[in-house]
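Each remark here refers to the structure printed beneath this line.
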Amino acid sequence: MPGNISPSVRERRVLIFPAMTPAVRNNQVYFLFSIRQVEDIIQEINICPVPFAPSYTEGLGWWREQAIPVISLEARLGLEKKPSRRNPGFMLIRSATQLKIGLGQGQPTGGSDVMRSIIKTHRGIHLATLPIQCEPVAAPWIPNRKFVRGIYEWDQGFLVVADINAILNG
């Protein structure tokens, strides 16, 4: 029985782009992001390395006068990276996180904070509309599964839906 990524009846748009990894079982790996998670697509950016940063952090990039961490999704998920001869593109992704701050007698108040990160992408980003015909799969080839919301097999390979909240919150 085919599965759909979206349980929603209404149409939703997503961006899909190939991961910079070798093929898995002869299939290309792709990342999928909701269009609401993507704040900007950036053609070029200067990246400043950050000493002692985690291995998945490639440095800091400047976006609208803000220093934003540049991360490798492949490294964060523990995937083998394949070098690309093409110049990468970049995507600014965001994740809204609820902050709870205790005030007075421990009464929490809710606020929201937007966390952002820049990720490298191949230039092959394309827009798709959900639902996409696919099947959920187990993926033992992804070492850091805690940063993944789902993995699906579709006619072009594997779709990996990264858990941006988990990735950006560490």
Side-chain angles (χ1 to χ4, degrees), residues 3 5 13-64 66-97 114-128 130 132 134-170:
I5 291 175
R13 296 192 172 229
V14 294
L15 292 174
I16 299 172
F17 61 92
M20 292 187 251
T21 63
V24 174
R25 297 191 307 233
N26 295 323
N27 288 308
Q28 173 69 49
V29 176
Y30 293 86
F31 289 115
L32 179 145
F33 287 95
S34 161
I35 200 123
R36 288 192 258 171
Q37 291 176 293
V38 178
E39 195 161 346
D40 201 356
I41 295 177
I42 305 162
Q43 297 299 318
E44 292 182 24
I45 194 165
N46 289 326
I47 301 172
C48 294
V50 177
F52 310 109
S55 61
Y56 59 87
T57 303
E58 298 194 9
L60 289 175
W62 284 95
W63 176 81
R64 297 186 183 174
Q66 296 178 44
I68 308 284
V70 179
I71 63 169
S72 164
L73 285 177
E74 294 84 358
R76 190 63 172 136
L77 299 180
L79 299 171
E80 179 184 345
K81 284 185 72 171
K82 135 181 121 172
S84 175
R85 295 175 191 247
R86 297 174 9 184
N87 289 334
F90 299 91
M91 185 182 294
L92 182 78
I93 55 172
R94 65 179 167 210
S95 171
T97 305
V114 176
M115 297 176 63
R116 293 180 175 92
S117 183
I118 297 170
I119 56 173
K120 280 186 179 178
T121 66
H122 276 309
R123 299 256 182 206
I125 300 171
H126 69 273
L127 185 64
L130 295 181
I132 295 171
C134 57
E135 293 284 335
V137 294
W141 43 269
I142 297 182
N144 297 331
R145 283 285 316 235
K146 65 183 175 184
F147 300 117
V148 174
R149 296 192 71 183
I151 300 140
Y152 304 88
E153 190 167 5
W154 66 321
D155 61 350
Q156 296 182 38
F158 293 106
L159 288 171
V160 176
V161 181
D163 186 340
I164 294 306
N165 285 339
I167 289 171
L168 297 182
N169 285 320

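Treat the numbers as computed from the prediction; the structure is a model and nothing was measured.
- Using a 4.5 Å cut-off on side-chain heavy atoms (C-beta onward), Ile71 and Glu58 make no contact.
- The shortest side-chain heavy-atom distance between Val70 and Tyr56 does not fall under the 4.5 Å cut-off.
- Checking each of Lys82, Lys120, Lys81 against Glu74 for a side-chain contact (heavy atoms from CB on, under 4.5 Å) leaves exactly one that passes, namely Lys81.
- Rounding to the nearest 0.5 Å places OG of Ser34 at 11.5 Å from CD1 of Ile93.
- In this pair, His126 and Tyr30 present their aromatic rings perpendicular. The plane angle is above 60°, beyond the 30 to 60° band.
- When side chains are defined from C-beta on, Leu73 counts as touching Phe33, because their heavy atoms get closer than 4.5 Å.
- Smallest separation of non-hydrogen atoms from Ile42 and Ile45: CG2-CB, 4.3 Å.
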Let's go through Arg116 and Val114 carefully: what are the C-alpha distance in whole Å and the side-chain angles of both, what is the deciding distance for side-chain contact (heavy atoms from CB on, under 4.5 Å) to 0.1 Å, and is it a yes or a no? CA-CA 6 Å; Arg116 293 180 175 92; Val114 176; 4.1 Å; yes
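- Checking Trp63 against Asp40 by side-chain atom types alone, a donor-acceptor pair falls below 3.5 Å.
- Side-chain atoms of Leu127 and Ile16, non-hydrogen and from C-beta on, never get closer than 4.5 Å to each other.
- Between Phe90 and Ile47 there is a side-chain heavy-atom pair separated by less than 4.5 Å.
- Across Cys134 and Trp154, no two heavy atoms sit closer than the pair CB-CB, 3.9 Å.
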Decide side-chain contact (heavy atoms from CB on, under 4.5 Å) for Leu92 and Ile41; before the verdict, give the C-alpha distance in whole Å, the side-chain angles of both, and the deciding distance to 0.1 Å. CA-CA 6 Å; Leu92 182 78; Ile41 295 177; over 6 Å; no
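- For the pair Ile142/Val160, a side-chain contact is recorded, criterion being any heavy-atom separation below 4.5 Å from C-beta on.
- Atom CD of Gln156 is surrounded by more than 12 heavy atoms from other residues, nucleotides or ligands within 6.0 Å.
- You'll find the side chain of Leu15 reaches within 4.5 Å of the side chain of Met91, heavy atoms only.
- Within 6.0 Å of CG on Asn46 lie no more than 12 heavy atoms contributed by other residues, nucleotides or ligands.
- When every heavy atom of Asn169 is checked against every heavy atom of Met115, the shortest pair comes out as OD1-SD, 3.1 Å.
- Here the closest heavy-atom approach between residue Ala67 and residue Leu60 is recorded as CB-CD1, 4.3 Å.
- Shown here is Gln66, whose CD atom has more than 12 heavy atoms of other residues, nucleotides or ligands within 6.0 Å.
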When you look at Val14 and Ile35, which way does the side-chain contact (heavy atoms from CB on, under 4.5 Å) test go after all the steps? CA-CA 5 Å; Val14 294; Ile35 200 123; over 6 Å; no
Check step by step if side-chain contact (heavy atoms from CB on, under 4.5 Å) holds for Val137 and Phe158. CA-CA 9 Å; Val137 294; Phe158 293 106; 4.1 Å; yes
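- Arg149 is linked by a side-chain contact (heavy atoms from CB on, under 4.5 Å) to Val161, Asp163, counting only residues two or more places apart in sequence or in another chain.
- Formation of a donor-acceptor pair under 3.5 Å by the Ser117 side chain with backbone atoms of Pro69 is found in this model.
- Between the side chain of Arg94 and the backbone N or O of Arg36 there is at least one donor-acceptor pair closer than 3.5 Å.
- In this structure a side-chain-to-backbone donor-acceptor pair under 3.5 Å is present from Gln28 to Ala19.
- Looking at Arg145 and Ile151, their side chains come closer than 4.5 Å, going by heavy atoms from C-beta outward.
- Pairing each heavy atom of Pro18 with each of Gly124, the nearest pair is CD-O, 3.7 Å.
- Taking every heavy atom of both residues into account, Trp141 and Pro143 meet most closely at O-CD, 3.3 Å.
- Note that CG of Leu159 is 9.0 Å distant from OH of Tyr152, once rounded to the nearest 0.5 Å.
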